[in-house]
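To keep things clear, I will list the structure first and then write my remarks on it.
Each ligand, and each atom within it, is numbered from 1 in the order the structure gives.
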Amino acid sequence: MNNNDIDQQYIWHPYSAMNSDLPVFEVESANGVRLKLSNGKQLIDGMSSWWCVIHGYNHPQINAAITAQLGKMSHIMFGGLTHEPAIELTRALLPLVPSSLQNIFYSDSGSVAVEVAMKMVIQYWHAKQQPQRQRFISFRGGYHGDTFAAMSVCDPVTGMHGLFENAIHKQIFAPQPQCRFGNNCIDDDIAAFEVILEQHAAQAAAVILEPIVQGAGGMWFYSAGYLTKVRELCDKYDILLILDEIATGFGRTGEMFACQHADISPDIMCIGKSLTGGYLTLAATLSTNDIANVIDSSEAGVFMHGPTYMANPLACAAAIASLQLLKFSDWKHNVKRIEKIFLQELTVCKEFTNVKDVRVLGAIGVIEMKQPVNMKEITQAFVDAGVWVRPFGKLVYLMPPFIISDDDLKKLTTAVVNVVKNIN
Ligand SMILES: *Cc1c(COP(=O)(O)O)cnc(C)c1O
């Protein structure tokens with residue numbers, strides 16, 4: 001059997017059928033912003049491997065950091081033991097995150113970081129003698145991961161709650177924020193959310209949302225004013241606020257963390273995806289001292305979670321190197337530069353009859369079509385045009401590595417505009 005047949009017959013891919021006629025492309029290597037397919041074709045990467053690869057592939061400094069750590073130890077259990085990579089990573093992270101976040105729980109994927117956040121707040125209210133507070137308030141259009149608790153707070157339609165109806169907890173959903181990023185948030189925009197808080201404050205453990213950018217649930221950018229009001233209302237009704245920065249963290253929206261557009265800080269923050277520059281799987285849940293202290297003082301006395309690969313040293317070493325690269329690069333300028341080129345090059349799509357909306361924020365460009373795209377045709381068209389772009393539903397979106405050159409970025413946008421123009 002050739003590679004393609006083995007893959008097709010035996011290997012699942014994300015959100016795919018086993019007997020799918022959708023093509024998968026074998027990548028032999030990747031360098032900078034280019035993926036090299038096994039047939040020799042080179043593609044300019046428009047996806048950063050789902051938000052992660054902010055510095056590009058095969059980066060000499062991250063390679064060196066992992067190699068150096070490999071020679072010392074690749075893994076050690078974190079129960080009762082600690083290591084320099086975890087300590088150094090913590091030292092590097094603390095000055096970047098909102099200053100109220102002082103406790104870090106490392107885990108191995110974004111979904112787990114969300115599970116950990118949800119467990120923390122349930123333990124918190126338990127310790128505060130309010131064990132009835134176990135429900136979560138989230139938003140339509142949200143996405144927080146694929147495990148059961150994370151899935152329960154995803155958009156009920158795109159999160160397929162019908163299918164898993166009796167297996168997931170019923171959470172409370174606020175409408176999707178309507179006010180666009182860059183606009184003010186008027187009281188009418190937030191009124192429905194306040195009604196929900198008022199009704200459910202007694203049973204609600206926390207509000208969970210993606211700050212500014214709703215990612216996989218719809219690639220929607222909403223007003224910073226809305227986020228400010230969410231923080232105010234959570235305080236008013238004494239509900240904890242979890243911000244899921246797994247997609248938005250580390251510069252993608254033009255600020256280090258998206259909550260900084262609104263100048264607010266959460267009680268708990270989840271990070272992941274680009275934390276290691278796209279090298280290894282690592283995530284974290286950060287909390288305030290208040291949350292940690294209350295959990296410590298509870299009857300259980302400990303936080304009840306402990307992944308086998310917690311704070312994996314190789315992953316921590318990659319993350320330290322990635323944060324160093326951010327620190328010593330002008331990432332903010334790069335993200336602005338990408339934003340400017342996206343605005344220049346993608347806005348023309350607004351005039352196409354098959355396009356509903358074009359939106360750009362930081363190093364994210366989104367073309368929302370009127371109809372869902374035909375994945376088989378559009379993927380092949382992108383590959384033929386020399387770019388790697390993976391739409392979902394009606395959304396064709398780009399989030400390239402920050403280091404992409406103007407020239408490559410224009411090749412990417414030109415290819416995308418041409419393909420989109422020809423979809424009927
Ligand atoms: C990707 C993502 C997750 C889930 O992360 P995994 O590493 O895929 O488990 C959670 N929340 C948001 C906002 C994400 O974009």
Out of Leu275, Asp244, Thr281, who gets a non-hydrogen atom closest to atom 13 (C) of ligand 1?
Asp244

With heavy-atom distances below 4.0 Å as the criterion, list the atoms of ligand 1 near [X].
X      : result
Ile246 : 2 (C), 3 (C), 10 (C), 11 (N), 12 (C), 14 (C)
Gly145 : 4 (C), 10 (C)
His144 : 10 (C), 11 (N)
Ala247 : 15 (O)

With heavy atoms and a 4.0 Å threshold, my read on which part of Tyr143 contacts ligand 1 is both

Is any NZ, NE, NH1 or NH2 atom of the basic residue among Arg91 and Glu88 found under 4.0 Å from an Asp or Glu carboxylate oxygen of the other?
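Looking at Arg91 and Glu88, the cut-off is met.
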
With a 4.0 Å cut-off, would you call Lys72 and Glu84 a salt bridge?
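A salt bridge is absent here (no side-chain N lies under 4.0 Å from a carboxylate O).
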
For His169, side chain to side chain donor-acceptor pair (under 3.5 Å) partners two or more places apart:
none

Pair Ser298-His126, side-chain donor/acceptor within less than 3.5 Å:
no

Does a donor on one side chain sit under 3.5 Å from an acceptor on the other, for Thr147 and Glu115?
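Their side chains do contain a donor-acceptor pair, which is all the 3.5 Å distance test asks for.
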
Protein contact of [atom] - nearest heavy atom, named by residue and atom, plus distance:
atom                    : result
atom 14 (C) of ligand 1 : Lys273 NZ, 2.9 Å
atom 8 (O) of ligand 1  : Ser111 OG, 4.4 Å
atom 7 (O) of ligand 1  : Gly110 N, 2.9 Å

Kindly determine whether Gln61 and Gln324 satisfy side chain to side chain donor-acceptor pair (under 3.5 Å), including the steps that lead there.
CA-CA 9 Å; Gln61 266 167 269; Gln324 284 279 96; over 6 Å; no

State the CD-CZ distance between Gln203 and Arg133, to the nearest 0.5 angstrom.
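Gln203 atom CD to Arg133 atom CZ measures 9.0 Å (nearest 0.5 Å).
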
